[in-house]
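To start, the structure itself, in structure tokens.
Note on naming: letters A, B, ... go to the chains in the order of the sequence lines (proteins, then strands), and numbering restarts at 1 for each one. The shown structure was predicted, so the numbers you read here are calculated from the model rather than taken from an experiment. Side chains are part of it too, since the values below use all heavy atoms of this structure and drop only hydrogens, waters and symmetry mates.
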Amino acid sequence: MDASFDAVSRALLDWYDAHARDLPWRARPGTPPPEPYRVWLSEVMLQQTTVAAVKDYFAAFTSRWPSVEALAVASDEDVMAAWAGLGYYARARNLLACAREVAANGGRFPDTEEGLRALPGLGAYTAAAVAAIAFERRAVVVDANVERVVARLFALDEPLPGGRTAIRERADAITPQARSGDFAQAMMDLGATVCTSRAPRCLLCPLASHCTAQAMGEPERFPVKAPKKAKPARRGRAFWIERDEHVWLVRRPGKGMLGGMRALPDDGWNARADGSGDGPLAGPWESAGKVGHVFTHFSLELNLTVYLGDQCDSLARHEGEWWPLEQLDAAGLPTLFAKAARLALAGTGEEA
DNA sequence: AACTCGTGGTC
DNA sequence: TGACCAAGAGT
């Protein structure tokens, strides 16, 4: 087994030169890097998110806001609505805060890992990735792909998250001085297309001859992960209030679940979670079915009730807006409430 | 350190 | 079909 720096990095970069994925935010291997704005935007969108899910959002954002200065002057409302459906909405809030900070400093991103790390929404991974890919700095880029590849390459079996320290040390040891951005992207391509979580394709792997886990015959055993906690089931209510072809929408608080997003009024299920809360009107409410949705650490059954009357004076005491039904797509509802809206507009029924 | 924070695809 | 998973960050 020769997992030395030179052998691994050369084999991987050769493979990347021949097999790099062609992605909208990426330059061809060996050509000048893309604008830092595009690298940064793509990396934030790709946090815990698949390439397939990001592509359309990346195209929409770069078309509507072609530069960090353009994004910096966008409204919170427009950016949050444009992010709707992509998830992890704190990313969108930090994205805008970061754009405004960069714009205030002349529109140029810091060109060092340390400088990037100080910006909102850039943690250890994203700061290293932008430094390496956009600025061609040597940086140790460790995401879930790199963790998997490195854990297998060296058969590191200390369970995550504790095992991340040893993985980072090994990743550092095989990261080259030159082309560290290509090296990082090569590791991620390898993890995404060859060294996959399930059923890795070791016959196609440029590092197979260097890989301890492959030699052991059980690459899928790595990386070892700590067992996960069970997801509790929560219940809640949401309220569809419709009058004159408009529906009453609210904006959720700036932090916490779906923070800053437009939404249907609900019973505070995020805190109460037993479906016992009241709506913003006295009613009468008519049941419209229920919506099931699974979040990261709990599942939710949302009972939807509808009010179609015109006694809406009490809504004046609440923050909210009458939104035209024919433009509901533009409201930027997160998926949970988009499901509920679909249910309300389809009449009574159920949606799993 | 452990917890919060979305979504859609895969098997 | 439920459990796992994905270019993690903030607290």
## Note on the structure
With sugar-phosphate taken as primed atoms, P, OP1 and OP2 and all else as base, the protein-contact string of nucleotides 4-11 of chain C at under 4.0 Å (heavy atoms; B, S, -) is -SBBBSS-
Show which side-chain atoms of residues 295-307 of chain A pair as donor or acceptor with protein atoms under 3.5 Å away, not counting sequence neighbours.
unit_1: A/Thr296; atom_1: OG1; unit_2: A/Tyr88; atom_2: OH; d: 3.4
unit_1: A/Tyr307; atom_1: OH; unit_2: A/Gln311; atom_2: N; d: 3.1

In a table with atom names and distances, give each donor-acceptor pair under 3.5 Å that connects a side chain of residues 217-224 of chain A to protein atoms at least two apart or in another chain.
unit_1: A/Glu218; atom_1: OE2; unit_2: A/Arg221; atom_2: NE; d: 3.2
unit_1: A/Glu220; atom_1: OE1; unit_2: A/Ala199; atom_2: N; d: 3.2

Considering only distance and modelled atom types, tabulate donor-acceptor pairs under 3.5 Å from the side chains of residues 187-194 of chain A, sequence neighbours left out.
unit_1: A/Asp189; atom_1: OD1; unit_2: A/Arg21; atom_2: NE; d: 3.0
unit_1: A/Asp189; atom_1: OD1; unit_2: A/Arg21; atom_2: NH2; d: 2.9
unit_1: A/Asp189; atom_1: OD1; unit_2: A/Arg26; atom_2: NH1; d: 3.3
unit_1: A/Asp189; atom_1: OD1; unit_2: A/Arg26; atom_2: NH2; d: 2.9
unit_1: A/Asp189; atom_1: OD2; unit_2: A/Arg21; atom_2: N; d: 2.9
unit_1: A/Asp189; atom_1: OD2; unit_2: A/Arg26; atom_2: NH1; d: 2.8
unit_1: A/Thr193; atom_1: OG1; unit_2: A/Asp189; atom_2: O; d: 2.8

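Nucleotides of DNA chain B that come within less than 4.0 Å of any heavy atom of chain A span, from the 5' end to the 3' end, B/dC3 to B/dT10.
For A/Ala171, the side chain to side chain contact (heavy atoms under 4.5 Å, CB included) partners at least two apart in sequence or on another chain are A/Val140, A/Val142, A/Val146, A/Val150. Residues meeting the salt bridge (Lys or Arg N to Asp or Glu O under 4.0 Å) test with A/Glu136, sequence neighbours left out: none. Listed by chain and residue number, A/Lys55, A/Phe58 satisfy the side chain to side chain contact (heavy atoms under 4.5 Å, CB included) test with A/Pro24 (two or more places apart in sequence, or in another chain). Qualifying side chain to side chain contact (heavy atoms under 4.5 Å, CB included) partners for A/Thr31, counting only residues two or more places apart in sequence or in other chains: A/Ala27, A/Arg28. Every residue two or more places apart in sequence or in another chain that forms a side chain to side chain contact (heavy atoms under 4.5 Å, CB included) with A/Asn105 is listed here: A/Glu101.
Using a 4.0 Å heavy-atom distance criterion, A/Pro334 is classed as a sugar-phosphate-only contact.
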### Query
Between A/Trp83 and A/Phe61, is a side chain to side chain contact (heavy atoms under 4.5 Å, CB included) present by the stated rule, with each step listed?
CA-CA 9 Å; A/Trp83 198 275; A/Phe61 268 69; 3.7 Å; yes
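Across residues 54-72 of chain A, not one residue has a non-hydrogen atom less than 4.0 Å from an atom of DNA chain B. Shown for residues 163-170 of chain A: no residue has heavy atoms falling under 4.0 angstrom of DNA chain B.
Spacing of P atoms, C/dA7 relative to B/dT4, comes out at 24 Å, to the nearest Å.
Between A/Arg138 and A/Asp172 there is a salt bridge, with a side-chain nitrogen of the basic residue lying less than 4.0 Å from a carboxylate oxygen of the acidic one.
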